[in-house]
Amino acid sequence: DGGSVVLMSHLGRPKDGPTDKYSLKHIVAHLSQVLGVDVQFAGDCIGEEALTKAANLKGGEVLLLENLRFYKEEEKGDKDFAEKLAQLGDVYVNDAFGTAHRAHASTAVIAQFFPEAKYFGYLMGAELSNAEKVLNNPERPFTAIMGGAKVSDKIQLIEALLDKVDNLII
């Protein structure tokens, strides 16, 4: 609809800043093929290059930023870092359901810089709709299966499910 897109993401858990193994530059060709447009790439997620490339996008163009986790400020939920990311766009759309619960700069903190223009995407909408159906009108017997590396992240969800499920498998 005439808009351009700046994509932010992370890959892996780089320990000491930029690492070629975790660079998002490796997915540009595949992403271009999937989206059907030549995806541009910024070698940093903040700074002059990212600002210039984002400002010069034309309708329908896509810019992929380098791995957000190359900055420790991302996972720390740093407000200044989030503000720098927010300068790259006019509207914020979070479609990262799997990480939306984390108070990272690019998920929770950045939204405050878009008071009138923050949304969730199609994947997030579908996941929320499915969760609502399952929690409010489940078919019986209702068995929930919880997985993931960090059970501690899911304690609140597990506690909320205990009164609703017939079986809980972790």
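Count residues from 1 along the sequence.
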What is the minimum heavy-atom distance between Ser4 and Lys58, and which atoms define it? CB-O, 3.5 Å
Interatomic spacing from NE2 in His10 to CG in Leu68 - rounded to 0.5 Å: 8.5 Å
OG of Ser32 to NE2 of His30: how many Å apart, nearest 0.5 Å? 10.0 Å
What heavy-atom pair brings Leu57 and Val5 nearest, and what distance separates the two atoms? CD1-O, 3.7 Å
Indicate the atoms forming the closest heavy-atom contact of Ala103 with Ala108, along with that distance. CA-CB, 3.8 Å
For Lys118, look at atom NZ and say whether over 12 heavy atoms of other residues, nucleotides or ligands are found less than 6.0 Å away. yes
Take atom CG in Asp166; do more than 12 heavy atoms of anything else shown fall under 6.0 Å from it? yes
So if you build clusters from Ile, Leu, Val, Met, Phe, Trp, Tyr with side-chain heavy-atom gaps below 4.5 Å, do Phe97 and Val109 land together? no
Are the side chains of Leu88 and Leu51 in contact, using a 4.5 Å heavy-atom criterion? yes
For the hydrophobic clusters of this structure (ILVMFWY residues joined by side-chain heavy atoms under 4.5 Å, transitively), does one cluster hold both Phe114 and Leu63? yes
With clusters defined by side-chain heavy atoms of hydrophobic residues (ILVMFWY) lying less than 4.5 Å apart, directly or transitively, does Tyr119 cluster with Val6? no
May I ask you to decide if Glu75's main-chain N or O and Arg102's side chain share a donor-acceptor pair within less than 3.5 Å? no
Tell me if the NZ atom of Lys53 is crowded by more than 12 foreign heavy atoms within 6.0 Å. yes
Between Ser129 and Gly125 (side chain of the first, backbone of the second, donor and acceptor by atom type, cut-off under 3.5 Å), is there such a pair? no
Result for side chain to side chain contact (heavy atoms under 4.5 Å, CB included) between Ser106 and one of Thr99, Leu85, Asn94 points to Leu85
Ignoring hydrogens and angles, tell me if any N or O in the side chain of Tyr22 forms a donor-acceptor pair with the backbone of Gly17 under 3.5 Å. no
Side-chain donor or acceptor of Asn137 paired with backbone N/O of Lys133 under 3.5 Å: no
Could you check whether Lys72 pairs with Asp78 (Lys NZ or Arg NE/NH1/NH2 to Asp/Glu carboxylate O, under 4.0 Å)? no
Please report the shortest heavy-atom distance between Leu161 and Ala144, naming the atom on each side. CD1-CB, 4.1 Å
Taking every non-hydrogen atom, the tightest pair across Ala105 and Ala82: O-CB, 3.6 Å
Quick one: which of Glu83, Glu66, Glu73, Lys84 gives a side chain to side chain contact (heavy atoms under 4.5 Å, CB included) with Ile46? Lys84
Look at atom CG of Asn167 and say whether more than 12 heavy atoms of other residues, nucleotides or ligands are closer to it than 6.0 Å. yes
